[in-house]
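Report on the following structure.
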Number of protein chains: 2
Amino acid sequence: MPIPFDVLAEPSRRRILDLLLERPHLVGELTEQLGLSQPGTSKHLRVLRAAGLVQVRQDAQRRWYALRPEPLAELDAWLAHYRHLWTGSLDALERHLDAMEDDPR
Amino acid sequence: MPIPFDVLAEPSRRRILDLLLERPHLVGELTEQLGLSQPGTSKHLRVLRAAGLVQVRQDAQRRWYALRPEPLAELDAWLAHYRHLWTGSLDALERHLDAMEDDPR
DNA sequence: CGGTTATATAACCGCAAGGGAATGTAGTGC
DNA sequence: GCACTACATTCCCTTGCGGTTATATAACCG
């Protein structure tokens with residue numbers, strides 16, 4: 001499962017994830033919160049499902065959508081390669097910038 | 001400076017960031033590594049500059065592009081809201097999933 | 001079984017974004 | 001000053017994506 005950068009690039013889809021962070025939601029609830037059409041919401045949910053970012057639980061005609069954080073954990077792992085650049089005070093950030101000044105080759 | 005999700009959604013641009021993580025690069029070097037045309041590379045660099053993800057240092061006709069990690073730090077901050085879902089062994093992940101099973105309302 | 005609710009899918013549209021070719025621009029060295 | 005190098009910008013084309021409307025599917029209720 002690759003990191004779904006393009007999936008997260010969509011503001012409405014990030015909004016959905018934020019809402020699902022509180023609690024699972026119905027499609028109708030999400031539609032209302034997002035302020036777009038119901039089919040529009042369903043399309044975004046389809047993309048989120050394909051990316052493994054949400055999971056569904058059927059309850060009669062209703063579908064409860066809930067968060068699935070695994071892909072976000074992978075994003076976190078990707079970010080880890082860069083994290084040393086801004087963590088720590090006398091850390092690699094300064095050394096990185098200093099090295100750039102001294103020898104930008 | 002908002003989090004540049006859409007900027008990171010482009011594979012070539014992420015590739016550029018990966019290359020710049022090692023060391024600063026010239027546009028020509030990036031062009032060769034990416035395997036696309038020089039104007040194509042320049043267009044991506046323009047987007048990355050606008051997002052604050054890279055900085056330039058001019059050296060005669062050459063331009064040294066280097067990483068600017070601040071926007072990635074903001075992405076990291078955004079991820080922090082979700083991080084408790086997958087960190088820790090007896091942590092909120094299980095409690096989150098258990099709560100969903102018990103009361104998926 | 002017919003109507004209603006809740007969601008998914010299909011069909012269509014407009015636009016913005018990525019890609020290449022051609023051209024512009026700035027700095028260098030002879 | 002002139003050719004050359006290294007990038008940037010412009011123009012054009014094509015594709016994909018987000019959005020809506022209309023339609024299909026499926027489960028409930030009386």
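FYI, side chains are in, hydrogens and waters are out, and symmetry mates aren't considered; it's all heavy atoms of this structure. To find a chain, count down the sequence lines: A is the first, B the second, and so on, and within it residues start at 1.
With hydrogens and angles disregarded, a donor-acceptor distance shorter than 3.5 Å links the side chain of A:Glu29 to the backbone of A:Leu26. B:Arg49 contributes no side-chain N or O that, together with a main-chain N or O of B:Val54, makes up a donor-acceptor pair within less than 3.5 Å. A donor-acceptor pair is defined here as one N or O able to donate and one able to accept, closer than 3.5 Å; no such pair exists between the side chain of A:Arg68 and the backbone of A:Gln55. Side chain of A:Arg14 to backbone of A:Leu8: a donor-acceptor contact under 3.5 angstrom is found.
If you check C:dC12 for Watson-Crick or wobble pairing at under 3.5 angstrom, you find it paired to D:dG19.
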### Message
Would A:Trp78 and A:Tyr82 count as a ring pair (Phe, Tyr, Trp, His ring centres under 6.0 Å) here? Give the steps.
### Response
CA-CA 8 Å; A:Trp78 177 82; A:Tyr82 297 87; 5.1 Å; yes
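The distance between atom CZ of B:Arg46 and atom C1' of D:dT10, rounded to the nearest whole Å, is 11 Å. Counting to the nearest Å, the C1' atom of D:dC17 and the CG atom of A:Leu8 are 16 Å from each other. In this structure, A:Leu26 atom CG and D:dA27 atom P are separated by 16 Å, rounded to whole Å. A straight line from CD of B:Gln58 to C1' of C:dA26 spans 8 Å, rounded to a whole angstrom. In this entry the distance linking CG of A:Asp6 with P of D:dC17 reads 8 Å, nearest Å. Between the NZ atom of A:Lys43 and the P atom of C:dA6 there is a distance of 23 Å, rounded to whole Å. Between A:Leu34 atom CG and D:dG18 atom P the separation is 13 Å, expressed in whole Å. Rounded to whole angstrom, the span from the CG atom of B:Leu45 across to the C1' atom of D:dA8 amounts to 10 Å.
For D:dA8, one of the phosphate oxygens OP1 or OP2 lies less than 4.0 angstrom from a side-chain nitrogen or oxygen of B:Tyr65. Listed pair A:His44 / D:dG19 meets the phosphate criterion, a side-chain N or O lying under 4.0 Å from OP1 or OP2.
For the pair A:Ser37 and A:Gln61, nearest-nucleotide mapping onto DNA chain D gives the more 5' position to A:Ser37. For the pair A:Ala60 and B:Pro39, both in contact range of DNA chain D, the more 5′-proximal nearest nucleotide belongs to B:Pro39. Comparing B:Val47 and A:Gln38 by the nucleotide of DNA chain C whose heavy atom lies nearest to each, the residue mapping closer to the 5' end is A:Gln38.
Candidate nucleotides C:dT7, D:dT9, C:dA8 were compared by shortest atom distance to the side chain of A:Arg62, and C:dT7 ranks first. Side chain of A:Val27, nearest nucleotide from C:dG18, C:dT7, D:dG19: C:dT7. With distances taken from any side-chain atom of A:Leu36 to the nucleotides D:dA8, D:dG19, C:dT7, the minimum falls on D:dG19.
At a cut-off of 3.5 angstrom, the base of C:dA17 holds no donor-acceptor pair with the side chain of B:Glu10.
B:Gly28 comes within contact range of the sugar-phosphate backbone alone, with a heavy-atom separation under 4.0 Å but no base atom that close.
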